[in-house]
Amino acid sequence: MSDNDMNEREKTAMTEEQIETEDVSDANRGRVISDSTDEADDVLIETGPTAGLDDDKPSRGTGQTIVESRNIDVWYGDDQALRDVSIAIPENEVTAMIGPSGCGKSTFLRCINRMNDLVDICRVEGELTLGGKDVYDENIDPVALRRRVGMVFQKPNPFPKSSRDNVSYGLNVQGIEGDHDEIVERSLKQAALWEEVKDRLDESGLGLSGGQQQRLCIARAIAVDPEVILMDEPASALDPIATSKIEDLIADLAEEYTVVIVTHNMQQAARISHKTAVFLTGGELVEFGSTQKVFENPDSERVEDYITGKFG
Amino acid sequence: MAAGEDAVGRLRRGSGLRFEQLKGRVFEALLIGATLVGIVSLLVLFGYIVFDAVGPLAASPRWYLLYFGTLVTPTAAFTLYARRRPAVRAANARAFAAVFGGVVLSLAVYAVSDALSPYDVFIYLVFGGGPSVSIAVYARKMNDNTFAGPAVPVSMVIGVAVAAGFYDVLRPIIGTVPRWITYIAITTVPVAAITGWFAAREWTTRRGLLTAGVVVAGGFAVAGGALVSGIDPSFWVVLFSGTVVPVAFVVGSTAATNPEGRIGMLGPFVVIGGGLLGAVVERQFGIAGLDSYLTPTLLLNSWDGLNAANAGVYPQIVGSIIIVAFMGIMAIPVGIGAAVYLEEYAPATGWRGRLASLLEINIANLAGVPSVVYGLLGLALFRNTLGFGTGIVVAASGTLGFLILPIVVVSAQEAIRSVPDSRRRASYGMGASRWQTLREVVLPEAVPGVLTGTILALGRAIGETAPLVIIAVATTTYSAPSGLFSSATALPLQIFASAGNAKPEFRTGVVAATAIVLLALMILMNAIAIVVRNRYQKDD
């Protein structure tokens with residue numbers, strides 16, 4: 001897809017001020033592409049905790065913050081899941097969230113598109129903004145919010161519908177006009193699934209393999225052209241080959257979308273992310289910075305212990 | 001060496017293990033026994049009923065030989081032939097479904113329309129179905145479902161209300177038309193539309209219109225033929241629309257699309273032809289047949305409490321169908337609605353959450369309340385509070401509706417709960433609203449389960465006796481109910497009443513034959529529902 005196409009699509013969905021931001025990003029893109037043409041294809045071979053860390057990771061980031069949280073606290077009933085989390089997630093980059101089980105990283109992810117609203121006992125305090133707007137403002141409709149923030153889940157969860165209907169689901173429920181067949185094709189191509197399913201678009205999405213299902217879910221998420229894509233351990237249920245496909249895909253997606261990914265796999269975070277946030281037990285955000293810095297020279301001793309495997 | 005022998009020794013079938021295995025075998029045998037108790041007692045029960053109903057001892061050996069030759073041998077030969085040919089088997093199944101489904105459906109439609117008056121059915125069908133079907137077709141054609149969803153049910157309700165409001169004006173106008181023309185309107189025209197739609201989908205719109213035209217013309221031809229021969233065309237019009245047209249359509253399309261299986265469509269005709277041939281020979285040669293109470297007389301006559309050979313349960317059959325159908329119309333939407341609310345909307349926390357869980361527990365308990373108690377509820381509500389007449393259809397349907405409501409709610413809840421949460425999350429994550437998630441993801445997946453529960457509930461309702469006794473439904477009526485406010489009776493009540501008849505042939509023969517009719521009605525309903533359910537599951 002050419003950049004022109006992309007702009008056409010984005011402009012229809014964005015507000016005026018966002019188009020201005022987009023213009024800035026175009027200027028940035030040109031510059032960044034020129035100095036980072038080497039793709040990190042060989043990263044899978046390396047296995048150390050800092051594997052895949054290049055000195056200049058390819059990034060088309062705009063330098064703008066798209067999601068920002070200030071002093072977020074989350075409770076499930078009486079249990080506090082997140083403590084005073086403040087973070088600024090940059091636009092058009094991959095931000096990874098790592099940490100041991102139960103540290104609140106998935107909870108934070110679900111705060112961004114208010115999926116936590118579906119949990120009755122969950123209570124969120126603090127401020128979380130998307131493009132400068134507080135998403136917990138009472139004027140914000142969570143349904144409208146989720147239309148701008150796509151989500152890919154840990155377990156592939158396609159609907160028991162055909163592959164075509166799976167991808168066009170968001171288009172239908174959001175009432176997006178246009179040639180749906182064309183958007184389906186484009187999304188499946190972006191999700192690197194088109195070649196595998198183009199001859200069986202009308203067969204059930206449940207008949208695909210696990211890795212294909214997950215890419216179908218990614219195609220479903222990007223078909224509606226969201227601003228941010230949240231991924232909750234998208235590769236944890238997949239085999240290594242499927243995982244590497246998903247990782248390549250995430251790198252491609254970061255050219256057009258802001259990706260926030262929760263992962264248990266530190267090598268994965270090192271390979272694919274520009275920024276890394278480390279949550280540790282108790283729901284604290286202990287460290288947040290460029291992936292390289294966090295993995296090579298973390299400020300916190302606890303983070304260093306966690307990354308080197310002494311703890312967690 | 002020694003260690004190796006030890007290992008072998010441990011693997012050998014030792015006496016300690018043998019005892020464990022013996023225990024396992026005994027346990028398995030006990031379980032098989034427990035399973036067989038159920039099956040054997042069921043077989044004995046059915047055997048007993050059938051024995052009483054058809055009196056097999058009265059038939060001479062020649063009778064058995066005759067039907068063995070005309071019915072059993074050809075059917076068995078045909079089954080054997082079809083067994084290893086899947087195409088033939090499939091065609092056979094389709095033909096059977098078309099022939100027997102068509103006959104049963106035609107009979108039921110005719111019986112119910114005839115009882116309620118075809119003019120009324122026509123008025124409500126036109127006003128309730130006309131606008132909503134047009135809206136649905138239009139929305140499909142324009143590919144715009146934004147308003148069709150709410151507009152279809154709303155227009156249906158408004159249409160029925162308008163029809164009820166203007167009934168007094170409409171009825172005399174419609175009443176000037178001969179009865180058989182209303183039957184053409186309520187059976188032939190919809191059947192023509194459906195076959196035409198199928199044909200249009202298969203071939204071209206032109207052929208679709210042509211097919212529909214042929215069907216309507218056929219309906220008029222049948223009616224004309226009947227009028228010329230001096231008989232009432234109504235029943236023949238219904239039989240033509242409900243049986244001949246679907247059978248012709250299925251036979252024609254199978255013959256065209258499935259040349260290998262073509263011969264399989266002879267299946268039902270082998271059975272019917274064999275039965276008819278047997279009957280003709282039996283009468284011609286005066287062969288002593290069964291001493292059966294399961295005869296056309298039983299199905300078509302009204303009750304005769306003095307002469308068992310003349311007793312029929314036609315009003316009871318129609319009453320049962322109408323009571324259960326109206327009950328379903330009232331109770332099923334309410335039950336499914338409550339289940340959807342409790343599963344998808346009701347909060348889990350706070351005082352409203354506690355209220356919802358209290359409700360849920362109580363509904364589950366209500367499912368176990370004895371049916372007699374529901375009879376008391378119906379008596380208090382319909383007779384004493386609302387002052388309805390004794391034993392009318394509305395009261396019977398309402399009482400049975402309360403009875404099945406908790407069953408419908410609980411089973412629908414279970415079906416909705418079995419839809420994985422990950423699907424809901426996926427839908428919400430795509431920016432779908434709760435209603436969209438419900439309509440697009442949850443309900444389509446829950447439909448087979450909801451239908452299963454609903455069928456079980458209908459099966460329970462059609463056999464209920466005690467609540468109907470309590471609300472004083474008559475055990476015997478001599479004509480089918482003519483409307484929702486006319487008095488009716490049901491099959492189980494007639495069984496209950498005639499089990500106490502002074503004459504022994506009632507207590508054994510008629511009761512058993514009526515029980516078989518009731519069971520057949522129930523199996524038929526289950527069969528329809530299973531077909532519908534399998535269709536939905538296949539579409540996934």
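Just so it is clear, the structure is predicted and the values come from calculations on it, not from any experiment.
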- Query: When only heavy atoms count and the cut-off is under 4.5 Å, which of residues 109-116 of chain A reach chain B?
  - Reply: A:M115
- Message: Quick one: does any side-chain atom of A:E247 pair with a main-chain N or O of A:I272 as donor and acceptor, under 3.5 Å?
- Response: no
- Answer whether the closest heavy-atom distance between the side chains of A:V224 and B:M430 falls below 4.5 Å. yes
- Task: State whether a side-chain donor-acceptor pair under 3.5 Å links A:N157 with A:R220.
- Result: yes
- Could you tell me the separation between the CD atom of B:E445 and the CD1 atom of B:I416, rounded to the nearest 0.5 Å? 12.0 Å
- Query: Where on A:V149 is there a heavy atom nearer than 4.5 Å to chain B: the side chain, the backbone, both, or neither?
  - Reply: backbone
- Task: Using non-hydrogen atoms and a 4.5 Å limit, figure out which bit of A:L206 sits close to chain B: side chain, backbone, both or neither.
- Result: side chain
- Note on the structure: In terms of heavy-atom pairs under 4.5 Å with chain A, the winner among B:G429, B:A432, B:A426 is B:A426
- Side chain, backbone, both or neither of A:P142 within contact of chain B (heavy atoms, under 4.5 Å): neither
- Note on the structure: Note: vs chain B, highest number of non-hydrogen pairs under 4.5 angstrom among A:Q154, A:Q174, A:M151 is A:Q174
- In this structure, which one of A:E256, A:R215, A:E185 forms a side-chain hydrogen bond (donor to acceptor under 3.5 Å, both in side chains) with A:Q190? A:E256
- Message: Looking at A:S69 and A:V85, would you say the former's side chain and the latter's main chain have a donor-acceptor pair under 3.5 Å?
- Response: yes
- Message: Quick check: do A:D225 and A:I183 have side-chain heavy atoms less than 4.5 Å from each other?
- Response: no
- Query: So what's closer than 4.5 Å to chain A heavy atoms on B:R425: side chain, backbone, both or neither?
  - Reply: both
- Item | Test item: A:Q214 side-chain N/O and A:F153 main-chain N/O as donor-acceptor pair under 3.5 Å | yes
- Query: Are any non-hydrogen side-chain atoms of A:W194 and A:L201 less than 4.5 angstrom apart?
  - Reply: yes
